[in-house]
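Scroll down for the structure; my scribbles are underneath it.
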Amino acid sequence: MHMKTSKYDPFCLVASVTNQEVFNIPERQAGFEALFHSFDPKVQFQYFKSFRRVRINFSDALAAAEARLRLHKTNFNGKEMRLYFAQMVHIGSPRLEPPKPEKQFLISPPASPPVGWEQSQDATPVINYDLLCAVSKLGPGEKYELHTATPTTPSVVVHVCEDEHGKNSAAEVSDQDDRPHPQRLKIIQTRRPDYTPSVEQ
């Protein structure tokens, strides 16, 4: 929250009172208020005992200025009283604003889709027959240049994969059923340890 002090309030004074009797004894409080009633009969008071401050609201700015001029640093019941003009503090907007729209999804996601929303249909898959034809013509042991090299770009060449024995798997598809397959490693399951009761019943 951004706070900015703009200027002084010409209708309001703040009295710094060190004498605690102003806050506790009604007679002292009446005597304090009488000092300011002589400048403005409509003056209002707000007491802040913990801060030892009294806010004095005038209906006339000239009366507030004259009271400050005459009563500042004067003696009240043996204690010095100081008067200051209250500061006007501007705190952003006068009301609490909702969060910005781009932040709302972090606070409360929508429970249902908005009005008029419809499920989009999946597009029909596109079958590239030229690509399928080119893949079907690939043979084992050959290289296929897809893109010819230029002075600024390299060539793109496809090599057919071979099996682990160095032979092309595509060339011996018919012989795979006759050859014995290599034995695969078997994963041995870890044996559960024997149960030993820790507490005798």
Side-chain angles (χ1 to χ4, degrees), residues 1-12 14 44 46 48-51 53 55 57 84-201:
M1 182 179 294
H2 179 67
M3 299 180 64
K4 181 181 179 182
T5 302
S6 57
K7 57 182 180 179
Y8 293 99
D9 187 355
F11 294 90
C12 181
V14 176
Q44 297 177 349
Q46 294 173 308
F48 303 98
K49 181 178 178 180
S50 59
F51 295 100
R53 298 289 187 272
R55 182 183 174 98
N57 300 310
Y84 306 96
F85 281 102
Q87 293 181 345
M88 297 171 55
V89 180
H90 176 70
I91 306 176
S93 176
R95 61 183 183 278
L96 182 63
E97 299 289 342
K100 294 182 179 180
E102 61 267 17
K103 299 289 184 180
Q104 286 181 356
F105 70 95
L106 297 175
I107 300 174
S108 177
S112 59
V115 178
W117 181 86
E118 295 181 0
Q119 175 69 41
S120 59
Q121 300 296 328
D122 294 338
T124 304
V126 179
I127 301 175
N128 191 337
Y129 292 99
D130 295 335
L131 179 60
L132 293 177
C133 181
V135 171
S136 64
K137 292 181 180 178
L138 293 177
E142 299 180 6
K143 301 178 182 179
Y144 297 91
E145 187 176 10
L146 301 180
H147 181 72
T148 307
T150 63
T152 57
T153 59
S155 61
V156 179
V157 180
V158 176
H159 299 265
V160 179
C161 296
E162 297 180 351
D163 59 9
E164 58 183 2
H165 300 290
K167 298 181 180 180
N168 296 321
S169 58
E172 300 181 357
V173 173
S174 59
D175 300 336
Q176 286 183 358
D177 296 335
D178 300 335
R179 293 186 307 169
H181 295 285
Q183 186 178 5
R184 296 182 179 180
L185 296 177
K186 184 178 181 182
I187 300 176
I188 302 175
Q189 185 176 1
T190 305
R191 182 177 176 273
R192 188 187 71 177
D194 295 333
Y195 175 73
T196 56
S198 57
V199 179
E200 297 182 356
Q201 298 180 355

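Note that the coordinates shown come from a computational prediction; the quantities given were computed from them, not determined experimentally.
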Contacts of type salt bridge (Lys or Arg N to Asp or Glu O under 4.0 Å), residue Asp122, not counting sequence neighbours | none

Who passes salt bridge (Lys or Arg N to Asp or Glu O under 4.0 Å) against Arg192, sequence neighbours left out?
->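 Arg192 satisfies salt bridge (Lys or Arg N to Asp or Glu O under 4.0 Å) with no residue once adjacent residues are dropped.
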
Go through the structure and list residues passing side chain to side chain contact (heavy atoms under 4.5 Å, CB included) with Tyr84, not counting sequence neighbours.
-> Ser16, Arg68, His72, Arg82

Could you state the interatomic distance from SG (Cys12) to CD (Gln44), rounded to the nearest 0.5 Å?
-> 10.5 Å

Please report the shortest heavy-atom distance between Ala86 and Val14, naming the atom on each side.
->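 Scanning both residues completely, I find the closest heavy atoms to be CB-CG2, 3.9 Å.
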
